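Taking it in order: structure first as structure tokens, then the write-up.
Bear in mind the structure is a predicted one, so any value in this text is a computation, not a measurement. Just so we're on the same page: letters track the sequence lines, and every chain starts at 1.
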Amino acid sequence: MRWSQAFIPTLREDPADAEAISHKLLVRGGYIRQLMAGVYSMLPLGQRVRENVMAILREEIDAIGGQEFLLPQLHPAAIWEETGRIETMKDILMSLEDNKGARIVLSPTHEEIFATVATELTSYKHLPQLWYHIQTKFRDEARPKSGLLRVREFTMKDSYTFDVDFAGLDEQFDRHHEAYKRIFDRLGMDVVAVRASSGAMGGKESVEFMVRSAVGEDEIAVCASCDYAANLETATSTLPPIMDSEGARELERFDTPGVRTIADLEFFDGGAEAARQIKTLVYLLDGEVTLVLLRGDHGLQEQKLSDATGSIDVRAARPDEIAEALGADPGSLGAVGVEGIRVLADEALRGRSRMTTGANRNDVHVRGVDVARDIAVTEWLDLRTIESGEPCPECGGVLDVYPSIEVGHIFKLGTFYAEKLGLSVLDESGRAVPIVMGSYGIGVERSIAASIEANHDERGIVWPIELAPYKVVITVVRPDDERSRQVSTELYDELVGGGIEVLLDDRKERPGVKFTDAELIGIPLRITIGPRGLDGGIVEFVERRTGVQSDVGIGDAVARVHAFLEPRVV
RNA sequence: CGGGACGUGGCGCAGCUUGGUAGCGCGCAUCGUUCGGGACGAUGAGGCCGUCGGUUCGAAUCCGACCGUCCCGACCA
């Protein structure tokens, strides 16, 4: 491609509404333009990168036996009603009505549709299967953000596996896990695979692939000593036991005028340190008022609460609902003596005594609380959010907690969809058994953005070679110089003839502009051709990633380009 | 959904407080001088000031409603 003919609208200044680096660089580099909140046009450069990502995805999924499909984006609402997800995913579902008045769902994901096709799998002999497609997804995110990192319309590679039993699922799951590691390596990202919550997918076990990034929206806990890694939504730790050797043994109410928070009570005369308080939260779980008890210095992990109770609609109670349930305001709440209300207690409170908590009367607290003796706990659960520095649950090492971008997620779905949609095969003995499913997703545009977050410098994008929209840019310093034009055109033709994607910068611009643009858009190898070098019979190579420059004889240039690209690209 | 900010040529912004019909930088076009790291000069094109309504002799500017975008939070495979 000749740059003079290409549509590569680079910008000198950062777009006003971009915050994330990948967002700024994608817009400035002429890769994308925004159409509306969370919806972007892919410009020619962006589309080339997108195709490169998809090619990698195809290669790696084909390599583990995947068969590519293309399922529709328009889904009849009825199928979503059958699995109940029209309800459980309603917050992000986009839908429309056709001219007959029938409700159509715009594909947010494709479990339902692949499962529908899979009803034609009728014998164990048909299994296992690994099906996938790369298709548009629509999700009405309440708050799209950070350019391509969180959008409402995007491309996803989603695969689905179908097996006779869970052992088969485990194998396909592991195979995907390995394929995903290769994929993200090729996409230029260091990923950590973490245990995660399956959320609304209806599965039992899932693994997320996370890339560390300050703009990431998920937090993960990673052990420094072993391979334990988990999303904060499921992460646990082993806390050192606390000896409750001080304070009152028996229940004792005391006035605490003005005390509203855990911190207030810590500094109140006769109060207690946070770790020796019981924090009482009031939640509505699918409408049912529920008390959630935590150690005073611990925070609730709402996803754990949702997962552990199987509740879909989880929210903190409003002040008026709290007052109605407990007769007091936040700041003086407690579970001692409470009856008729479900009480969920975090494991960290097990066996604790001589604790302090609210008395369900404003400005009054109670101490000497023995949890087992004084509180009617309905259920003990792991509900707290762990923190950086806590001991690893598996080896006792130190856990590090940091933000990350979720670039892939794989799920063991089990038989949820088989049961909802009637998927079964006959086994060897002629008995109908439900098909065991797995699903595996990678967001294409998010991967592009995440790769940039991990591969850039102050001058612009530094593409991994495989992702680069062009592998080489030939910068013609003086396009008006006949010799330069001739040498650059010959080199361009030879490289293109050898199957290499080359951008020939023949624009009538000053060299500085061309260098800056080439670095901004992140082309891995720049070949500078100008009178100065040609006098000595050489052209100049500059590697984008390292900045290393070298003079190359004109006759050696083609071979040197191939050598540079060889490790990854033909 | 709650809180905050913003909406003015393609991009980035000023003007609004104190109403009088729009300006700067970049980019764009033409010409000239330049040309190995975002050149300089000259000339020029380009704007329903988000939309609708109100106040006023007169609204980018004041008032109201709506729409849109971003940020924080809630939410989210």
When you compare U56(B) with C63(B), how far apart are their C1' atoms, in angstrom units rounded to a whole number? 12 Å

How many whole angstroms separate atom CD of Glu458(A) from atom C1' of G37(B)? 14 Å

Of all the choices, A74(B), U69(B), G37(B), which nucleotide is nearest to the side chain of Arg143(A) once you look at every atom? A74(B)

Remember a base hit wins even if backbone is also touched, and classify Arg459(A) as base, sugar-phosphate or nothing at under 4.0 Å, heavy atoms. base

For Asp286(A) and Gly310(A), which heavy atoms make the closest approach, and how far apart are they? OD2-O, 4.3 Å

Polar side-chain contact Glu509(A)-G38(B) base: donor and acceptor under 3.5 Å: no

Looking at every strand, decide which applies to Pro9(A) at a 4.0 Å heavy-atom threshold: base, sugar-phosphate, or nothing. nothing

Distance between the C1' atoms of C40(B) and G25(B), in whole angstroms? 16 Å

Should the pair Arg544(A)-Asp457(A) be classified as a salt bridge under the 4.0 Å nitrogen-to-oxygen rule? yes

Integer angstrom distance from the P of A59(B) to that of U17(B): 14 Å

I would like to know whether Lys412(A) and Asp170(A) meet salt bridge (Lys or Arg N to Asp or Glu O under 4.0 Å); could you show each step before the answer? CA-CA 8 Å; Lys412(A) 290 187 181 177; Asp170(A) 289 347; 2.8 Å; yes

Only pairs with both distances under 3.5 Å count, Watson-Crick or wobble alike; so what is the partner of G32(B) in this structure? C40(B)

Please work out if Asp480(A) contacts a base, only the sugar-phosphate, or nothing of the nucleic acid, heavy-atom cut-off 4.0 Å. base

Both conditions, 6.0 Å and 45 degrees, for the charged tip of Arg446(A) above the ring of Phe154(A): are they met here? no

Report the nucleotide, chosen from U69(B), G38(B), C72(B), that has the shortest atom-to-atom distance to any side-chain atom of Val513(A). G38(B)

When you compare the side chains of Arg483(A) and Gln486(A), does any donor N or O come within less than 3.5 Å of an acceptor on the partner? no

Partner nucleotide, any strand, of G73(B) [Watson-Crick/G-U, under 3.5 Å]: C1(B)

Would you say the side chain of Glu13(A) and the base of G38(B) hold a donor-acceptor pair, judged only by whether the two atoms sit under 3.5 Å apart? no

If you measure from the C1' atom in G23(B) to the same atom in C70(B), how many Å do you get, rounded? 26 Å

Nucleotide nearest Glu302(A) when distance is taken to its side chain, options U69(B), C75(B), G12(B): C75(B)

Students often get this wrong, so: under 4.0 angstrom with heavy atoms, is Thr475(A) touching a base, only sugar-phosphate, or nothing? nothing

Taking atom P of C71(B) as reference, at what distance in whole Å does atom CG of Asp14(A) sit? 14 Å

P spacing across the pair C24(B) / A45(B), given as an integer number of angstrom: 13 Å

Sugar-phosphate only, base, or nothing, as touched by Ser146(A) at under 4.0 Å among non-hydrogen atoms: sugar-phosphate

Using a distance-only test with no angle check, is there a side-chain donor-acceptor pair under 3.5 angstrom linking Tyr440(A) and Arg175(A)? no

Distance only, no hydrogens: is a donor on one side chain within 3.5 Å (strictly under) of an acceptor on the other, for Glu288(A) and Thr290(A)? no

If you go through the side-chain atoms of Arg526(A), does one of them form a donor-acceptor pair with the base of G37(B) closer than 3.5 Å? yes

Consider the side chain of Val477(A), meaning its heavy atoms from C-beta on, and name the nucleotide among C75(B), G36(B), C72(B) that approaches it most closely. G36(B)

Within the 4.0 Å heavy-atom criterion, would you say Glu208(A) contacts the bases, only the backbone, or no part of the nucleic acid? nothing

Taking G9(B) as the reference, what is the distance to G15(B) when you measure between their C1' atoms (whole Å, please)? 15 Å

Test of ring centre spacing under 6.0 Å for Phe541(A) and Phe564(A): no

With a 4.0 Å limit, can you tell me whether Gln34(A) has a side-chain N or O closer than that to the phosphate oxygens OP1/OP2 of C70(B)? yes

For the C1' atoms, the ones on G12(B) and on C75(B), what distance do you get once it is rounded to whole angstrom? 33 Å

For a quick check of understanding: with a heavy-atom distance under 4.0 Å over all strands, which category does Glu406(A) fall into, base, sugar-phosphate or nothing? sugar-phosphate

Taking any heavy-atom pair under 4.0 Å as a contact, classify Ala142(A): base, sugar-phosphate, or nothing. base

Checking all strands, does Arg28(A) fall into the base, sugar-phosphate, or nothing category for heavy-atom contacts under 4.0 angstrom? base

Rounding to an integer number of Å, can you tell me how far Ile538(A) CD1 sits from G36(B) P? 16 Å

Calculate the interatomic distance between Leu43(A) atom CG and G10(B) atom P; express it in whole Å. 17 Å

Closest to side chain of Arg12(A), choosing from C70(B), U34(B), C26(B): C26(B)

Ignoring backbone atoms, test whether Arg532(A) places a side-chain nitrogen or oxygen under 4.0 Å from the OP1 or OP2 oxygen of G36(B). no

Regarding Gln549(A), tell me which of base, sugar-phosphate or nothing describes its non-hydrogen contacts under 4.0 Å with the strands shown. nothing

Considering every strand and a 4.0 Å limit on heavy-atom distances, what is the contact class for Lys514(A): base, sugar-phosphate, or nothing? nothing

Quantified in whole Å, what is the C1' atom distance between nucleotide G46(B) and nucleotide U8(B)? 14 Å

